[in-house]
Amino acid sequence: MSRIFPEKMKTWPRNLSTSQGGGMSTSSTNVYQSNIPPCPVFVRELESRGYNSEAKFIRRYLPEFLWPENFFK
């Protein structure tokens with residue numbers, strides 16, 4: 001499978017199910033990558049860019065342990 005992201009684009013590995021019905025490859029060399037950051041990184045980025053109301057909205061639905069100030073300790 002060819003890489004669909006530009007070489008310098010920041011991506012995050014995802015630990016998706018490889019069990020029957022999960023459908024993701026179990027190959028150690030071709031790990032699934034996403035251009036969507038994990039929630040704590042995304043909320044921190046929104047706040048740094050001034051999107052405070054959007055970050056606050058997301059925080060309402062996140063468990064407290066995924067808030068950036070709790071996650072990055």
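Note that this is a predicted model, so its numbers are computed, not measured.
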Item checked: Atom of Pro40, atom of Leu66 and distance for their closest heavy-atom approach -> CG-O, 3.2 Å
Checklist line | Val41 and Phe72, any side-chain heavy atoms less than 4.5 Å apart | finding: yes
Checklist line | Phe42 and Ile58, any side-chain heavy atoms less than 4.5 Å apart | finding: yes
Notebook entry, point to check: Excluding sequence neighbours, so at least two apart, what forms ring pair (Phe, Tyr, Trp, His ring centres under 6.0 Å) with Phe57?
Noted result: Tyr61
Next item on the list: Apply side chain to side chain donor-acceptor pair (under 3.5 Å) to Arg49 and list each qualifying residue two or more places apart in sequence or on a separate chain.
Entry: Glu45
Notebook entry, point to check: How would you list, by chain and number, every residue that makes a side chain to side chain donor-acceptor pair (under 3.5 Å) with Glu47, sequence neighbours excluded?
Noted result: Arg59
Next item on the list: Report the distance from atom SG of Cys39 to atom CG of Leu62, rounding to the nearest 0.5 Å.
Entry: 5.0 Å
